[in-house]
Amino acid sequence: MRAGPHSGPDVLTFGETMVALRGSGPLKLGGTMNVSIAGAESNVAIGLSRLGHQVHWAGAVGDDEAGRLVLRTLRAEGVAVSAASADPDAPTGLILFEPRLPEITRVHYYRAGSAGSRLQASAVEEAFSAAPPRILHLTGITPALGPAPLATARRALRLAREHGSLVCLDVNFRSRLWTAGEASSVLREWIPSVDALIASDDELPLCLPTGPAADTAGPGTERGPAVAAQAKELLELGVGEVVVTLGADGATAFTGDGSLHRPAQLVRAVDAVGAGDAFVAGYLSALLDGADMAGRLARAVTTGAFAVASPGDWEGAPTRAELGMLGAPPGTVVR
């Protein structure tokens, strides 16, 4: 699978990016908070931009100071936001991160009625009319935000097919936004239009015709055969390649030619939030560069490792020149 030679951006993505407040401990005890931004699609956009790719983000924010922070940050990271909109009648969403244990963080969302939940299809129509992208990147988060974002995602899929753009779908299931059944009904509809599907092993059943109940592997059951069977079914439904993320065990890619596994890069874990988005950014970057499957997985687990080893959603995303740093011995000083 190769991305086409469109004259537009390498990647177009869209969704909700929120102001992110990260506490130093339990929220009920007060204390200080760091202010940043967070959103799955914008995390991917920043990761790709740092790797030298041209990326457009077409989301919606409120016409408020929080929204201006989102757009300013994306511009500073080299992400084009010309198709983004500022809604005067709805606020920018908010997300709070609360570290509770060294490896456990609670997340609190305040996004009901936000500008992102009112995202209109005109945003992606404007982006495609200006210059169709080589790749359209979607997540399963945006359609869960409400009827308008769902309609926008469906419109983007149709435009991608019309213009010959590759479609990458990161399932990114969020149980606080919709049920497994609701997610499955939408994702099953999209599957025939997807070129690259990225999902964790427990998200794959959401994409199958029989829905979530198709996963019969119970606790303690070897997941490998079940995952391989599910990936094979998705390939038969028209998906070009299925990439299954396995956390600390790395990732496995399935195509019509077989499967390939890549173990994770070993790093000292600091913050796992954003690792999946960083993985996607690395994978799409290598795809845009024309790398084979082994090269795509290698870059994806590398960018994912950078995210795990750094605090924040996107702050630790590497530049292209930094990709080789993980191979350096401990204590290395880069001069």
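Computed from a prediction, not measured in an experiment: that's the story for all the values here. One is the number of the first residue; the rest follow in order along the sequence.
For the residue pair Ser114 and Glu16, a side-chain donor N or O sits within less than 3.5 Å of a side-chain acceptor on the partner. In this structure, a donor-acceptor pair under 3.5 Å is present between the side chains of Thr302 and Gln265. Inspection of the Ser200 and Glu203 side chains reveals an N or O donor paired with an N or O acceptor under 3.5 Å.
Taken to the nearest 0.5 Å, the CG atom of Leu150 stands 4.0 Å off from the CZ atom of Arg154. In this structure, the separation between CD1 on Ile191 and CG on Leu208 is 8.0 Å, given to the nearest 0.5 Å. To the nearest 0.5 Å, the span separating CZ on Phe254 from CG on Leu204 amounts to 8.0 Å. If you take SG on Cys207 and CD on Glu233, they are separated by 10.5 Å, rounding to the nearest 0.5 Å. For the atom pair OG1 of Thr210 and CD of Gln230, the computed distance is 8.5 Å after rounding to the nearest 0.5 Å. Taking CD1 of Ile135 as the start and CG of Asp195 as the end, the distance is 9.0 Å to the nearest 0.5 Å.
In this structure a side-chain-to-backbone donor-acceptor pair under 3.5 Å is missing from Asp10 to His53. In this structure, Ser165 contributes its side chain and Pro133 its backbone to a donor-acceptor pair below 3.5 Å. For the pair Ser310 (side chain) and Ala307 (backbone), a donor-acceptor distance under 3.5 Å is absent. Side-chain N or O atoms of Trp314 include one that pairs as donor or acceptor with a backbone N or O of Ile37 at under 3.5 Å. Between the side chain of Thr139 and the backbone N or O of Ile141 there is at least one donor-acceptor pair closer than 3.5 Å. No donor-acceptor pair under 3.5 Å is formed between the side chain of Thr105 and the backbone N or O of Pro99. Looking only at distances, a side-chain donor or acceptor of Ser184 sits under 3.5 Å from a matching main-chain atom of Leu206. A donor-acceptor contact shorter than 3.5 Å links the side chain of Thr152 to the backbone of Leu119.
Using a 4.5 Å heavy-atom cutoff, the side chains of Tyr109 and Leu96 are not in contact. No side-chain heavy atom of Thr252 sits under 4.5 Å from any side-chain heavy atom of Leu260. The shortest distance between side-chain heavy atoms of Met18 and Leu94 does not fall below 4.5 Å. Taking the side chain as every heavy atom from C-beta outward, Asp87 and Asp63 never approach each other to under 4.5 Å. You'll find the side chain of Val186 reaches within 4.5 Å of the side chain of Trp178, heavy atoms only. With a 4.5 Å cut-off on side-chain heavy atoms, His56 and Gln54 count as touching. Side-chain contact check for Ser85 versus Gln120: every heavy-atom pair is 4.5 Å or farther apart. Between Val308 and Phe279 there is no side-chain heavy-atom pair separated by less than 4.5 Å.
Nearest approach of Thr303 to Gly282, heavy atoms of both residues: OG1-CA, 3.4 Å. Val280 and Cys168 make their closest contact through CG1-SG, 4.5 Å (heavy atoms, listed as atom of the first residue, atom of the second, distance). Among all heavy-atom pairs drawn from Ala83 and Ala127, the shortest one is CB-CB, 4.1 Å. Heavy atoms only, all atoms of each residue included: Thr17 and Ser42 are closest at OG1-OG, 2.8 Å. Annotation for Leu69 and Ser36: closest pair CD2-O, 4.0 Å, computed over non-hydrogen atoms. Here the closest heavy-atom approach between residue Ala58 and residue Ala123 is recorded as O-CB, 3.5 Å.
When hydrophobic clusters are built by joining Ile, Leu, Val, Met, Phe, Trp and Tyr residues whose side-chain heavy atoms come closer than 4.5 Å, directly or via intermediates, Ile46 is not grouped with Phe97. Put simply, Leu71 and Val55 are part of two different groups of oily side chains (I, L, V, M, F, W, Y) that touch within less than 4.5 Å, one to the next. When hydrophobic clusters are built by joining Ile, Leu, Val, Met, Phe, Trp and Tyr residues whose side-chain heavy atoms come closer than 4.5 Å, directly or via intermediates, Val61 is grouped together with Leu21. Phe14 and Val19 fall into different hydrophobic clusters, where Ile, Leu, Val, Met, Phe, Trp and Tyr residues are linked whenever their side-chain heavy atoms come under 4.5 Å apart, directly or through other members. A chain of hydrophobic side-chain contacts below 4.5 Å, direct or via other Ile, Leu, Val, Met, Phe, Trp or Tyr residues, connects Val244 to Leu237.
When the shell of 6.0 Å around CG of Leu29 is examined, it contains more than 12 heavy atoms from other residues, nucleotides or ligands.
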Determine whether Asp170 and Leu138 satisfy the following criterion, side-chain contact (heavy atoms from CB on, under 4.5 Å), listing intermediate values before the conclusion. CA-CA 6 Å; Asp170 181 4; Leu138 300 172; over 6 Å; no
Please report the C-alpha distance between His137 and Glu41 in whole Å, then the side-chain angles of each, then the deciding distance to 0.1 Å, and finally whether the side-chain hydrogen bond (donor to acceptor under 3.5 Å, both in side chains) criterion is met. CA-CA 8 Å; His137 172 61; Glu41 299 85 3; over 6 Å; no
Can you list the steps and then say if Glu125 with Leu159 is a side-chain contact (heavy atoms from CB on, under 4.5 Å)? CA-CA 8 Å; Glu125 290 170 346; Leu159 289 168; 4.1 Å; yes
Do His261 and Leu246 pass the side-chain contact (heavy atoms from CB on, under 4.5 Å) test, and can you show the C-alpha distance, the side-chain angles, and the key distance before you say yes or no? CA-CA 10 Å; His261 179 75; Leu246 304 166; 3.9 Å; yes
Give the C-alpha distance, both sets of side-chain angles, the deciding distance and a yes or no for side-chain contact (heavy atoms from CB on, under 4.5 Å) between Arg68 and Thr92. CA-CA 9 Å; Arg68 282 181 268 283; Thr92 301; over 6 Å; no
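Screening Leu234, Leu187, Val243 for a side chain to side chain contact (heavy atoms under 4.5 Å, CB included) with Leu197, the sole residue that qualifies is Leu234.
The pair Arg158-Glu162 does not count as a salt bridge, with every side-chain nitrogen at least 4.0 angstrom from each carboxylate oxygen. With respect to Glu322 and Arg50, no salt bridge is recorded, no charged nitrogen being found less than 4.0 Å from a carboxylate O.
Within the structure, salt bridge (Lys or Arg N to Asp or Glu O under 4.0 Å) pairs that include any residue of residues 303-317 comprise Arg22-Asp313 (at least two apart or interchain).
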Which atom pairs, one a donor and one an acceptor, fall under 3.5 Å between side chains of residues 286-301 and the rest of the protein, sequence neighbours left out?
from, atom 1, to, atom 2, distance (Å)
Asp289, OD2, Arg299, NH1, 2.7
Asp289, OD2, Arg299, NH2, 3.3
Asp289, OD2, Arg320, NH1, 2.8
Asp289, OD2, Arg320, NH2, 3.2
Asp292, OD1, Ala294, N, 3.4
Asp292, OD1, Gly295, N, 2.9
Arg296, NE, Ala291, O, 3.1
Arg296, NH1, Glu241, OE1, 2.9
Arg296, NH1, Glu241, OE2, 2.7
Arg296, NH2, Met1, O, 3.0
Arg299, NH1, Ser285, OG, 2.7

